[in-house]
Amino acid sequence: MRAASRSRIAIIGGGIAGVSTAYELSRNGHADFVLYEASARLGGIVETVHQDGFVIECGPDSWVTEKPWARDLALELGLEAEILASNDAIRRTYLLLNGELTPMPDSMRMMVPTDLEDIERSPLFSEAAKQAYRLEALRAAEFKASAAARPSLEDESVACFVERHFGSEVTEKVAGPLLSGVFGGDIRQLSASAVMAPFVKMEQEYGSLVVALQKQRSQKRQSSAVFTTLKSGLQTLVERMTAVIPPSNLRLSEPVSEMNWSRGEWEVATRSGLACFDRVVLATPVHISRRLVARWNSELGSLLDIEATSAVVVAFAFSPELASSVQTPKGFGFLVPQSQNELIGQEPELLAATFVDQKFSHRVPEGGMLIRAFYGGESAPKLLDEDDSSILKLSHRRLSHILGELPEPSIALVRRWPRSLPQYTIGHRRRVGRIEEISREIPGFYLVGNAFHGVGLPDLVRQGRALANSLLAS
């Protein structure tokens, strides 16, 4: 079957990367494209629910401030009045240890402190771990020499990298839950160069990570908040971009079943039939990309066999009347080390919880409370097939065990995000390099998404817009 018409570009996938690509094309006056999205909405895991004065994020709730691309986009879209920083005056993260929420030292950036005095005063670490922190700065020359001697493409796991600097206790107690909260993965498998690139660079330049952060802190006149968001929710960013895209270019609820390069053009098959394009941008989750690619390029299909874990987000909103009976410690939330989940037994792993009303106070009515819980890792698939009621009961019981008995919430919701967290395992950069080499050899074929160069909102905005500008230039 042949198509009756032909467009220049097909964008397959309407998550942040795909929408950013389409937005940038539209903004520059290029309307000769079609965006296909399998679901009935755009934005992927970015979704915001507004109810009874609560602003509830069902996926990410913010972006990392030091990555500028999401903020730049928000300013461009006229959202300057919407941009809000996290309440860093009360920023504190807790670790669940032996049933108690123990605060992490305030001066830590991930597992690295800028003030060793904070480590000395912390009840979180044993004397052996404190000694490891003390010695790390003294071993700067050793670490720098080791980094210089390592081949540029040689990789190591996050666990190995952190353990070399700070020992096994810090690795398991701090690095593990921190990275699991972002990637839902195993730090023994995650690539240090891919998920901790700034720290790897610090080692190369300074040797000691503690020394590097101390120097950075002394050079900064004023520190920015760690996280940034939009007052009305991150879905607003998607809606503003979508408003620039001609509606006639969007094909919602239209999954692509097949794509092939044939007789000098791309044939894209959906339930509506076959359409032909000069170029195709594949912006789907990586397991979908692999399925679409594998039948016509086995090597690329094999390289796209990137493991991705699932996540489940649970939100409990409490009205001011109910919130008055709940006591949460001052801070942004807590992380749960693997060892603590093992104590629970067969229940799915709770990775973390956020006290949203403290992190972003504008997201609740005055006096209200909003808690989000995150499940992931190997046990997350067990929850995907559970009904909402079962997941809510499990989460309510688990959070009550940690925080004290919670009342029944005013609002409760569940979101399942299957295979949404690609795992940047050891050798990830080399794998992505080969994927890009092969892609360049395929006429009019492009890949973007969270499986390659970053999982955060700014990373995906950057990828999508950069690709669109490359398409425009060519």
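Distance check, rounded to the nearest 0.5 Å: CD1 of I9 to OH of Y446 gives 8.0 Å. Taking CD of E203 as the start and NZ of K201 as the end, the distance is 14.0 Å to the nearest 0.5 Å.
Heavy atoms only, all atoms of each residue included: H396 and E405 are closest at CE1-OE2, 4.0 Å. Between A315 and L370, the closest heavy-atom pair is CB-CD1, 4.5 Å. Of all non-hydrogen atoms in A192 and S157, the two that sit nearest each other are CB-O, 3.9 Å. Between L234 and D61, the closest heavy-atom pair is CD1-C, 3.7 Å. Nearest heavy-atom pair, K231 versus H362, reported as atom, atom and distance to 0.1 Å: O-CD2, 3.3 Å.
Judged by a 6.0 Å distance limit and a 45° cone about the ring axis, R91 is not positioned over the six-membered ring of F227.
Formation of a donor-acceptor pair under 3.5 Å by the E254 side chain with backbone atoms of Y36 is not found in this model. Checking side-chain atoms of T236 against main-chain N and O of G233 turns up a donor-acceptor pair under 3.5 Å.
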Candidate pair F54 and V49, rule side-chain contact (heavy atoms from CB on, under 4.5 Å), full reasoning: CA-CA 8 Å; F54 290 92; V49 171; over 6 Å; no

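Partners of F161 under the ring pair (Phe, Tyr, Trp, His ring centres under 6.0 Å) rule, at least two apart in sequence or in another chain, are H165. Partners of Y133 under the ring pair (Phe, Tyr, Trp, His ring centres under 6.0 Å) rule, at least two apart in sequence or in another chain, are F125, F166. Taking S193 as the reference, D155, S191, R429 meet the side-chain contact (heavy atoms from CB on, under 4.5 Å) condition, with sequence neighbours excluded.
Ring-plane geometry between F316 and F318 is classed as tilted, the angle between the planes lying from 30 to 60 degrees on a 0 to 90 degree scale.
Look at K130 and E127 and you find no salt bridge, because none of the NZ, NE, NH1 or NH2 atoms lies under 4.0 Å from a carboxylate O.
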